Every structure is written in structure tokens, then in C-alpha cells.
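Just so you know, these numbers come straight off a predicted model, no measurement behind them. All values below come from the heavy atoms of this structure, side chains included, with hydrogens, waters and symmetry mates left out. Labels below follow one simple rule: chain letters A, B, ... track the order of the sequence lines, proteins then strands, and each chain is numbered from 1.
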Number of protein chains: 2
Amino acid sequence: MIETTNRVDEMSQFLKLLSDGTRLEILRRLHVREHCVCDFVEMFDISQPAVSRHLKLLRQSQIILERRERQWIYFRLNPDHPQHDLLLTILTSMEPLPVPAPKSC
Amino acid sequence: MIETTNRVDEMSQFLKLLSDGTRLEILRRLHVREHCVCDFVEMFDISQPAVSRHLKLLRQSQIILERRERQWIYFRLNPDHPQHDLLLTILTSMEPLPVPAPKSC
DNA sequence: TCTTTATATAACGATTGTATTATATAACGT
DNA sequence: ACGTTATATAATACAATCGTTATATAAAGA
């Protein structure tokens, strides 16, 4: 019996992070532009702590980066993530986002 | 609040199937050649029913196809699956498999 | 027909993932 | 200093996932 190699483990871990609809939608939006937490809170029908937790998972794995500006924390994709190219392939293989929404908070 | 679109749901469902190390390793092997269930049973350190269950999930989603030959059931990748190209991109973005193992059962 | 081999299904338990509510922290504006 | 807004964390509940063992089915061979 083989033990699953690190390479496979890394990939499956990465894909697990993308395998949640909310996180995938978050990443899709971040592919377009930076967003703050509150953008996502009003975008999804889940609580603010739930959004915060999703963002934490993505941030901990370095898929996204954050910067604070005044009272907001803005997130963006991390172009230096080892799987960044694959992420873009996945994101662009979905339908493009409907409409560029104007910023609100 | 937006509801996550079908497209995102489909993709996240697909990625969920790939986000398990055992299933990813199975797909990696099927990318090389057909395998029967018993190949995987001796390959992994999990029970035969566990292997069978992973294969069922992949088959139900049409990612893999099966054919019966005598007492064996052989699985292969489904080249007509909507996400087949993406699957190949993911598989080839991992390290290639070490050694072509000889068939055993 | 009986045994063996290959595979699938059922029942169940442990672990993990994702939501909620309540509460804490940090920055801003008055 | 205080209230408001933006975000994070803790505690908890529930659902999904993945393993196991026990058992069923299907084909092969004696």
C-alpha cells in the first residue's frame, strides 16, 4: 500500500478550500477586484462570522492577502501562491460574473 | 444577497470530489491507464468497501466510466465529462507518478 | 453445486465542516 | 469618553464525510 504523496495531499488540501460554494464565489469576486469583508457580508445570505471564517481559511492558506485601510480590511488574491495559476484556470473556467457591482461600504 | 449560481455550485461539487487524497490518487492512476477495484484495494491502506465507495462517488458524477470484464470491473477517466480538461490540468499540475506498476490481479 | 474471488451495499461511529448566537476588539466620529 | 461600524473569536449545534465491520451479489472454477 502506498501512502498518498505530499504532492497529492497539498493538492487535495488546496482543492478542499475551493470546494465550498461561498469560498469559490468569494474568490471569483476577488479575481475581479479587492473586496472588504462587508462586501461579502451583504453579498451572501450567511452571518458575518460565517463570512469571516471563510476568509480566515483562505487567508491562512495564503490564497488571499489582506490589507487594512481605516476600519476596513481588504482582501485580494495572492499572485504568489503556488497554485495561483491553477486557481485562475478554475475561476476562468466558470461563467464570467454578471455585472460589476458598485462599492457600498 | 446573491444566491450562489448553478455554475459555482457545479464547480464546487466537482472540486469537492477531487478534494480527497484517495480519490485524487485514484484519478492520477486512471490518467495513466485503466485499473480495476482490486488494484486500488492493494494500493491504499483502507478497506475494500472504502475504495468501492470512492469509486462510486466518481462514477456517479460521471468523472469515471466502468466496464466489466469477467469478474473484474475496470475504471477509466471519462473524456466526455464537462470538466475533463480541467481535471487533466489539475492532474498534470502534480508531480508525475513514480513508476509504472505491473498489473497484479 | 459449492467455494473462492471480486465487488457492492448497509449500518454505524468518529471526525470534520459549516452554520448560528454571543461576545470581544479595533478604528472612527462626535 | 462614548457610541457606532467593521471585523474576529468562542461556544455550540447540526450536517456531511469517511472510515469500519458485516453481509449481499456476481462470476469463475473445481
For DNA chain D, whose closest nucleotide is more 5', that of Leu57(B) or that of Leu55(A)? Leu55(A)
Closest-nucleotide 5' rank along DNA chain D - winner of Gln48(B) and Arg53(A): Arg53(A)
Under 4.0 Å between a side-chain N/O of Ser47(A) and OP1 or OP2 of dT20(C), yes or no? yes
If only side-chain N and O atoms of His54(A) are considered, is one of them under 4.0 Å from the OP1 or OP2 phosphate oxygen of dA19(C)? yes
When you measure from the side chain of [X] to the backbone of [Y], do you find a donor-acceptor pair of N or O atoms at a distance under 3.5 Å?
{"X": "Arg28(A)", "Y": "Glu95(A)", "result": "yes"}
{"X": "Arg23(A)", "Y": "Leu18(A)", "result": "no"}
{"X": "Ser93(A)", "Y": "Ile90(A)", "result": "yes"}

What is the separation between atom [atom1] on [X] and atom [atom2] on [N], rounded to the nearest whole Å?
{"X": "Arg67(A)", "N": "dT7(D)", "atom1": "CZ", "atom2": "P", "value": "12 Å"}
{"X": "Lys16(B)", "N": "dA15(D)", "atom1": "NZ", "atom2": "P", "value": "16 Å"}
{"X": "Phe75(A)", "N": "dA6(D)", "atom1": "CZ", "atom2": "C1'", "value": "11 Å"}
{"X": "Gln60(A)", "N": "dT9(D)", "atom1": "CD", "atom2": "C1'", "value": "12 Å"}
{"X": "Gln13(B)", "N": "dA16(D)", "atom1": "CD", "atom2": "C1'", "value": "11 Å"}
{"X": "Phe44(A)", "N": "dT20(C)", "atom1": "CZ", "atom2": "P", "value": "13 Å"}
{"X": "Met43(A)", "N": "dA6(D)", "atom1": "CE", "atom2": "P", "value": "15 Å"}
{"X": "Glu66(B)", "N": "dA26(D)", "atom1": "CD", "atom2": "C1'", "value": "13 Å"}

Identify whether Val37(B) and Leu65(B) are in the same connected component of the hydrophobic contact network (ILVMFWY, side-chain heavy atoms under 4.5 Å). no
State plainly whether one hydrophobic cluster holds both Met94(B) and Leu77(B), where clusters connect Ile, Leu, Val, Met, Phe, Trp and Tyr through side-chain heavy atoms under 4.5 angstrom apart. yes
Atom pairs, protein N/O to nucleotides 24-30 of chain C N/O, distance under 3.5 Å:
residue, atom, partner, partner atom, Å
dC28(C), O3', Arg70(A), NH2, 3.3
dG29(C), OP1, Arg70(A), NH2, 3.0

For the side chain of [X], starting at C-beta, report the closest nucleotide among [options].
{"X": "Cys38(B)", "options": "dT7(C), dT21(C), dT21(D)", "value": "dT7(C)"}
{"X": "Asp20(A)", "options": "dT18(C), dT20(C), dT7(D)", "value": "dT18(C)"}
{"X": "Pro49(A)", "options": "dT7(D), dG19(D), dA10(D)", "value": "dA10(D)"}
{"X": "Ile46(B)", "options": "dG17(C), dG19(D), dA10(D)", "value": "dG19(D)"}

Hey, what's the ring geometry for Tyr74(A) with Trp72(A), parallel, tilted or perpendicular (30° and 60° as the breaks)? tilted
Is Glu66(A) salt-bridged to Arg76(A), cutoff N-O under 4.0 Å? no
